[in-house]
Undergrad: 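This is the structure, below, for whatever I ask next.
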Amino acid sequence: MRRSPAPELSDSITRNRIENTSVAGFPIPHTDSANTMVDLNAQLLVNPHSSFLFRMKGDSMEGIGIYEGDTIVVDRSIDPQHNHIVLGVADREYMVRRLYKRGRTVRLIPENEKYRPLELTEGRELQIWGVVTASIRKLI
């Protein structure tokens with residue numbers, strides 16, 4: 001299992017903060033927080049200088065709410081551990097899966113019963129590009 005180089009996210013993204021004063025109504029900006037900016041990088045990135053975005057393709061992770069077309073945030077500085085969701089390349093194919101790592105056994109586990117786990121046997125190479133820390137979905 002080895003790591004591969006990946007691009008860096010460097011631009012800061014900020015938006016005005018709006019706080020909701022009612023449970024089911026239109027958010028009304030408070031006068032004291034209307035000019036407060038929310039840094040989306042700070043909200044979404046664990047380590048901004050080692051994170052990048054990747055567009056999800058396929059339905060293998062639908063069981064945990066990551067769908068085709070979602071943008072995932074991948075952090076290269078986090079050491080991939082057992083049960084982390086990772087972006088990897090196995091058999092020249094990009095895949096997002098849950099990492100199973102116990103002793104000498106390494107598997108990539110999908111979160112969709114339509115797919116079988118991929119066991120890394122001798123001679124099969126896996127490159128971990130990073131750990132998935134967030135998923136972003138456009139609603140419209």
Undergrad: State whether the number of non-hydrogen atoms from other residues, nucleotides or ligands found under 6.0 Å of E113 atom CD is greater than 12.
TA: no
Undergrad: Treat each ILVMFWY residue as a node, draw an edge where side-chain heavy atoms are under 4.5 Å apart, and state whether V132 and F52 are in one component.
TA: yes
Undergrad: Which atom names give the shortest non-hydrogen contact between G65 and D70, and what distance separates them?
TA: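 Of all heavy-atom pairs spanning G65 and D70, the closest is O-OD2, 3.8 Å.
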Undergrad: Distance check, rounded to the nearest 0.5 Å: M56 atom CE versus L87 atom CG?
TA: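 One finds 9.0 Å between CE of M56 and CG of L87.
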Undergrad: Would you give the length of the straight line joining atom CG of N47 to atom CZ of R76, rounded to the nearest 0.5 angstrom?
TA: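 Result: 12.0 Å between the selected atoms.
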Undergrad: Which residues satisfy the side-chain contact (heavy atoms from CB on, under 4.5 Å) test with R124, sequence neighbours excluded?
TA: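 R124 satisfies side-chain contact (heavy atoms from CB on, under 4.5 Å) with D91, L118, L120, T121 only.
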Undergrad: Residues two or more places apart in sequence or in another chain: which of them pass salt bridge (Lys or Arg N to Asp or Glu O under 4.0 Å) with E68?
TA: none
Undergrad: Out of curiosity, does L108 fall in the hydrophobic cluster containing I78 (side-chain heavy atoms, cut-off under 4.5 Å, transitive links)?
TA: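 Hydrophobic grouping puts I78 with L108.
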Undergrad: Give a yes or no answer on whether the side chain of N112 reaches the backbone of E62 with a donor-acceptor pair at less than 3.5 Å.
TA: no
Undergrad: Relative to the ring of Y94, is the ring of F54 parallel (under 30°), tilted (30 to 60°) or perpendicular (over 60°)?
TA: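 Rings of F54 and Y94: tilted, 30 to 60°.
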Undergrad: Spell out, as yes or no, whether a donor-acceptor pair under 3.5 Å connects the side chain of H82 to the backbone of K101.
TA: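 Flag set: sc H82 to bb K101 pair under 3.5 Å.
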Undergrad: Quick one: CG on L44 to CG on D39, what's the gap to the nearest 0.5 Å?
TA: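 These two atoms lie 9.0 Å from each other.
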